[in-house]
Amino acid sequence: MGDKGMQKIDPLDHQQRLDRITEIFAGMVTHADEQAAYRCPYRDRFDQCTAKFRCTNQAKTAVEGAVKGAVKGAVKGAVKGAVKGAVEGELPGCEHDGRFDYRSAWESDPQSYDRAKAKIEQIHSNASRLRA
Amino acid sequence: MAELTDIQNEDIRYEIEEYLERDEEIERNIELFARVSPGMQDLAAALIEGDNGAVDQMTRDALEKGIEATEIMDDGLIAGMGIVGIKFRENFIFVPEVLACARAMKAGMTHIEPILSASGVKPVGKVIMGTVKGDLHDIGKNLCAMMLRGSGFEVIDLGVDTSPDDFIDAVEEHGANLLGMSALLTTTMPNMAKTVEAFIDADLRDEVQIMVGGAPVTQEFADDMGADGYGKDALACVSLAKELIGAKA
C-alpha cells in the first residue's frame with residue numbers, strides 16, 4: 001500500500017491526538033446522557049427507531065402506524081404514523097411524544113432486583129456444585 | 001484570515017454555514033478546512049455523513065497516494081469528528097448518527113492501525129465487548145466501544161445477544177486481556193454471572209479482566225457476579241479499563 005511502510009508516527013504526538021479524540025467523545029457521551037432525559041437514544045434525526053428490539057412506540061408500516069395512532073385516540077397520530085410508515089419503509093418510526101426520561105425505563109421495581117440477585121446466587125451455586 | 005469560500009468541498013461549507021453557531025467555532029473550522037487538502041475535506045465530509053464505505057475507500061486511496069497517516073487522522077477523521085461533536089451538542093443529530101460517524105471513523109482507522117503499530121504505537125489494551133445473551137440493547141455498549149477506541153484501545157465488538165461461548169471464543173481468538181459485558185435488563189443481567197462461570201469452567205478466568213455495566217448493574221451486582229470491575233457509564237468504562245490493565249489513567 002504505497003509507501004505506508006515508510007511512515008512513522010511519533011508516539012507523543014499520537015497521544016495528543018488521542019487526547020483530542022477523547023475530548024470530543026467525552027463531550028458526546030456527556031451530552032448523550034443528558035439527552036436521554038428527554039429523547040430515546042435509539043431515535044434518529046428522522047424520528048425513526050434504530051433499535052434491534054420491539055418497542056411499543058414503534059410504527060413499522062403505514063397501516064400499523066395508522067392503527068397505533070388511532071388506538072391512541074388521536075387522528076393526528078394516525079395520519080402521522082401512516083405517512084411515516086409509507087415514506088420511510090425500512091426503519092419503523094418512533095411514535096413517542098418525547099416527554100419521558102429514557103433512563104427511568106431501566107429502573108425496575110425492587111422485586112426484579114431481588115429476583116436477579118437470587119438468580120445470580122443460583123448460577124454460582126449450580127456451577128460450584130457441577131465442578132465438585 | 002480564511003473565508004468560507006476558501007473551502008473547496010461544498011458539503012463542508014454547508015455544514016459550517018448550516019450547523020455551526022458559535023463565532024469561535026465557525027472561525028476555527030473555516031481556518032482548519034481552508035488549509036486542508038481537498039481530498040481530506042472529502043474524507044471529513046464522508047465521516048460527517050457517517051458513510052463508512054466511503055471513509056474506508058478514501059483512507060485506503062489516500063495512503064496509496066502516499067498521504068501521511070497523521071494528515072489523514074488530523075485533517076480528515078478528527079476534523080470531521082469535531083463537526084459531528086458540535087452538531088450533536090446542538091441537537092442537529094442524535095446518538096444513532098453519532099454512532100454511524102464513529103463506525104466510519106473506525107473504518108478509516110483500520111487502515112491507519114498497521115502504521116501506528118509499525119511506529120511502535122501499540123493499543124493500550126485489547127477489549128472484547130458485547131451485550132449478554134438475551135439482551136438486544138446496544139447503545140451504552142456502543143458508546144463504551146467508541147470511547148475505548150478513542151482512548152487507544154483495540155475493541156472487538158461482538159454485538160448483542162452474545163453467548164458465554166462467543167465471549168470465550170473471542171477472548172481466545174484475539175488474545176484479549178479485557179472483557180466488557182453489558183446488560184440493560186434485570187432479567188438478562190444474571191447472564192453476566194453465567195459468562196463469568198463459563199470462563200472459570202474454560203480455565204480462562206485468570207487470563208482476562210472482566211468489567212460489567214448497563215443501567216440496572218451496580219457495584220454490588222458486579223461483585224455478586226464475580227466481575228473485576230463496574231463502570232457506570234462510558235467515561236467510567238475507560239478509566240476502569242485502564243485501571244484493570246494497569247495503564248496510566
Side-chain angles (χ1 to χ4, degrees), chain A residues 1-11 13-15 17-33 35-36 39-45 48-54 103 105-109 112-113 115-124 126-128 130-131, chain B residues 60 63-70 73-74 78 81-82 84-85 88-89 91-98 102 111 114-116 118-121 136-139 143 146-147 149-152 160 184-187 189-190 192-194 197 200-201 214-216 221 224-226 233-235 238:
Chain A
M1 188 175 275
D3 63 346
K4 85 175 184 186
M6 305 292 285
Q7 293 191 25
K8 286 281 170 208
I9 296 171
D10 178 38
D13 280 352
H14 188 63
Q15 186 53 52
R17 201 167 281 117
L18 287 180
D19 291 344
R20 170 70 184 130
I21 297 171
T22 300
E23 185 190 340
I24 295 170
F25 285 175
M28 289 173 169
V29 166
T30 303
H31 183 64
D33 189 48
Q35 202 175 64
R39 188 184 171 96
C40 174
Y42 292 94
R43 184 171 174 163
D44 71 10
R45 66 175 154 163
Q48 293 174 318
C49 177
T50 63
K52 296 184 180 81
F53 49 87
R54 285 291 293 162
R103 292 168 300 182
W106 317 115
E107 287 166 12
S108 309
D109 69 292
S112 71
Y113 280 95
R115 281 195 295 273
K117 210 169 173 58
K119 179 84 179 155
I120 290 165
E121 276 171 24
Q122 190 190 7
I123 288 166
H124 288 314
N126 286 349
S128 300
L130 284 171
R131 269 181 224 119
Chain B
R60 267 190 293 166
L63 289 168
E64 287 283 357
K65 286 179 193 158
I67 294 172
E68 293 285 328
T70 49
M73 283 188 282
D74 294 340
I78 300 174
M81 198 50 94
V84 174
F88 182 49
R89 186 193 68 208
N91 295 327
F92 288 117
I93 57 170
F94 300 98
V95 174
E97 284 82 24
V98 166
H111 303 292
I115 301 167
L116 288 169
S119 303
V121 180
L136 301 176
H137 300 83
D138 60 358
I139 290 270
L143 289 171
M146 180 183 88
M147 276 297 301
R149 285 194 183 109
S151 302
V160 296
L184 267 289
L185 303 170
T186 49
T187 49
M189 193 166 54
M192 291 173 162
K194 270 190 189 162
E197 291 293 348
I200 296 170
D201 287 339
F221 270 112
D224 285 351
M225 287 181 284
D233 56 30
L235 297 177
V238 173

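Protein chains get the first letters and strands the later ones, always in sequence-line order, with residue 1 at the start of each.
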Separation between CZ of B:Arg89 and OG1 of A:Thr30, rounded to the nearest 0.5 Å: 12.5 Å
More than 12 heavy atoms of other groups within 6.0 Å of A:Lys119 NZ: no
Within-4.5 Å side-chain heavy-atom neighbours: A:Arg20 and B:Asp74: no
Residue selection (most heavy-atom pairs with chain A, distance under 4.5 Å) from B:Ile93, B:Ile200, B:Val98: B:Ile200
Smallest separation among heavy atoms of B:Val121 and A:Ile9, with atom names: CG2-O, 4.1 Å
Pairwise side-chain contact, B:Met81 with A:Phe25, heavy-atom cut-off 4.5 Å (strictly under): yes
Interface moiety of B:Glu197 toward chain A, non-hydrogen atoms closer than 4.5 Å: both
Part of B:Val84 within contact of chain A (heavy atom distance under 4.5 Å): both
side-chain contact (heavy atoms from CB on, under 4.5 Å) assessment of A:Arg17 paired with B:Thr70: CA-CA 9 Å; A:Arg17 201 167 281 117; B:Thr70 49; 3.5 Å; yes
Taking every non-hydrogen atom, the tightest pair across A:Phe53 and B:Leu136: CD2-O, 3.6 Å
Selection from B:Asp138, B:Val160, B:Val238, B:Thr187 maximising heavy-atom pairs under 4.5 Å formed with chain A: B:Asp138
Which atoms of A:Arg131 approach chain B - backbone, side chain, both or neither, heavy atom under 4.5 Å: side chain
CE-CD1 distance between B:Met73 and A:Ile21, expressed to the nearest 0.5 angstrom: 7.5 Å
Exercise: identify the closest heavy-atom pair between B:Ile139 and A:Pro41: CD1-O, 3.4 Å
Inter-residue atom distance B:Met225.CE - A:Lys117.NZ, 0.5 Å rounding: 9.5 Å
Structural part of A:His14 lying under 4.5 Å from a heavy atom of chain B: side chain
For the student: nearest non-hydrogen atoms of A:Ala116 and B:Pro190, plus distance: O-CG, 4.0 Å
side-chain contact (heavy atoms from CB on, under 4.5 Å) between B:Leu143 and A:Met28, intermediate numbers included: CA-CA 9 Å; B:Leu143 289 171; A:Met28 289 173 169; over 6 Å; no
Geometric class of the B:His137/A:Tyr42 ring pair [parallel <30°, tilted 30-60°, perpendicular >60°]: perpendicular
Minimum side-chain heavy-atom gap B:Val95-A:Thr50 below 4.5 Å: no
Spatial distance of atom CD1 (B:Ile78) from atom CD (A:Glu23) [nearest 0.5 Å]: 11.0 Å
Option in B:Glu97, B:Met189, B:Met147 with maximal non-hydrogen atom pairs under 4.5 Å from chain A: B:Glu97
Flag side-chain contact, heavy atom, 4.5 Å: A:Gln35 against B:Phe94: yes
Chain A contact via B:Asp233 - which portion, at a heavy-atom distance below 4.5 Å: neither
Selection from A:Ala26, A:Ala51, A:Gly27 maximising heavy-atom pairs under 4.5 Å formed with chain B: A:Ala26
Residue pair B:Asn91 / A:His31, side-chain heavy-atom distance below 4.5 Å: yes
Choice from A:Asp10, A:Asp13, A:Ile24 maximising heavy atom contacts with chain B below 4.5 Å: A:Ile24
Chain B contact via A:Leu18 - which portion, at a heavy-atom distance below 4.5 Å: both
